[in-house]
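Predicted model only: the values in this text are computed from it and were never measured.
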2 protein chains.
Amino acid sequence: MGQLQKSKIKRIALLSATLSLVNNGGIQGASMAKVAKVANVSPATIYLYFESKQDLVNQLYLYVKSGFAEAAFKGYNQDIAVKDIFKRIWFNMSSFKLEFKEEASFLSQCDNTPMIDEKTRQEGLLYMTPLFDLWVRGKKEGIIKDISPYLLYAFSIYPMAFLMNMQNRGLCQLDKKVLEESFQAAWDSICEIK
Amino acid sequence: MGQLQKSKIKRIALLSATLSLVNNGGIQGASMAKVAKVANVSPATIYLYFESKQDLVNQLYLYVKSGFAEAAFKGYNQDIAVKDIFKRIWFNMSSFKLEFKEEASFLSQCDNTPMIDEKTRQEGLLYMTPLFDLWVRGKKEGIIKDISPYLLYAFSIYPMAFLMNMQNRGLCQLDKKVLEESFQAAWDSICEIK
DNA sequence: TATAAATTAATGAACGTTCATTCTTTTTTA
DNA sequence: TAAAAAAGAATGAACGTTCATTAATTTATA
């Protein structure tokens, strides 16, 4: 294996270690010493790959967010009805969050704490462009409510984070039936006519 | 002023100082030394009022949450229609969050990070009982969807946190029109028939 | 192609700070 | 004056980061 490959692997090992530690105790639970230990590396080595702890966390955010976006828009096809595209994206997102719990929990932590630079956060938002485009189209077609995309996001996407949180705490079982009910609630909140 | 009164005041000064510091840099930004300085008190004095930093944060959570609940259920009256009660609670909550930004931001941070004991969190949830009771009644009357209260909360209440976040970052203006649209989205997501 | 030189990767120890907490002393209260 | 409350100094531990050094790899030389 080439040196470049090995470097890439080590970088991802560091990101993974950070992800895991942040989830078990917030950002302050992921000390550089612990990250190094989990990744089987010297603390100093982290600084060969990342400028600082802040840089490490920012890069982790973009890495996880891009993975989330890739999953969300898998099989994205503009040639079908708005509702069908939205449903596909919604269930793609929920599948990702159910399968990759650590990643999902990390992303929802990022939304509500100042652990991520505003600039990096904006960069991460760009990954969601296809969804915003879909909403523009849906409004034009009179299918989606003519309200701010922030509202659309708040009521149709953001609630998933809460539900995942509940499920991870063992307070709520997100089986197929509940997921369908959730999607229905999401859709009802943003669609123009029921 | 009696000693008891003074003690109560100092306790609240400590809670307030913590609240302010947590909002400007997360829980790790609220070191005991800083809390002491903001509250004009020696670090050691904090330990006369709180067992530990964790205890301080837990008590702050309950203190803020109870204030939130008090505002939410102000003028609570079971003799009117379910939708009207819900609307009243919803706007009470949004008013609180708009007026008391620090308190609101703190509560939404608590929802997504492991900074609060699970036990304390459960205790805080009890403050929301009137809302859960209302939903039980609404379901009986066929007005509210027959779905888990977690779903009802996720789609009708939780989104407010996202919107407040956006507003605080200057990305979204929550004027009267937008608030009405938001309430409509909340209601559409949980009501049985449009 | 074998060897020397140069470059890169990685290390563990140590830095100065800051952390939550405690100990000892001083001040206030009754 | 005895007791309670508060203060400030001091604690060891942990923090993010940097340092001088070594190991590994690549490049250049003969």
**Q** Keeping the roles fixed (side chain from Lys10(B), backbone from Ala39(B)), state whether a donor-acceptor pair exists under 3.5 Å.
**A** no
**Q** Specify the residue among Ala44(A) and Ala30(A) whose closest nucleotide of DNA chain D lies further upstream toward the 5′ end.
**A** Ala30(A)
**Q** Could you please name the option among dT17(D), dT21(C), dA20(C) that lies closest to any side-chain atom of Ser52(B)?
**A** dT21(C)
**Q** Between Phe183(B) and Phe91(B), what is the ring plane arrangement, given parallel below 30°, perpendicular above 60°, and tilted in between?
**A** tilted
**Q** Could you go through the side-chain hydrogen bond (donor to acceptor under 3.5 Å, both in side chains) check for Arg137(A) and Gln78(A) one step at a time?
**A** CA-CA 10 Å; Arg137(A) 177 186 154 198; Gln78(A) 294 207 249; over 6 Å; no
**Q** May I have the distance from Tyr49(A) (atom OH) to dT11(C) (atom P), rounded to whole angstrom?
**A** 9 Å
**Q** Ignoring backbone atoms, test whether Thr45(A) places a side-chain nitrogen or oxygen under 4.0 Å from the OP1 or OP2 oxygen of dT11(C).
**A** yes
**Q** Determine: side-chain N/O of Ser42(A) to OP1/OP2 of dA10(C), distance under 4.0 Å, yes or no.
**A** no
**Q** Would you say Lys10(B) reaches dA5(D)'s phosphate, i.e. side-chain N/O to OP1/OP2 under 4.0 Å?
**A** no
**Q** Where the side chain of Leu48(B) is concerned, which of dA6(D), dA10(C), dG16(D) is the nearest nucleotide?
**A** dA6(D)
**Q** At under 4.0 Å, does any side-chain N or O of Tyr47(B) touch on OP1 or OP2 of dC23(C)?
**A** no
**Q** Would you say the side-chain atoms of Glu181(A) pair up with the backbone N or O of Ser148(B), donor to acceptor, closer than 3.5 Å?
**A** no
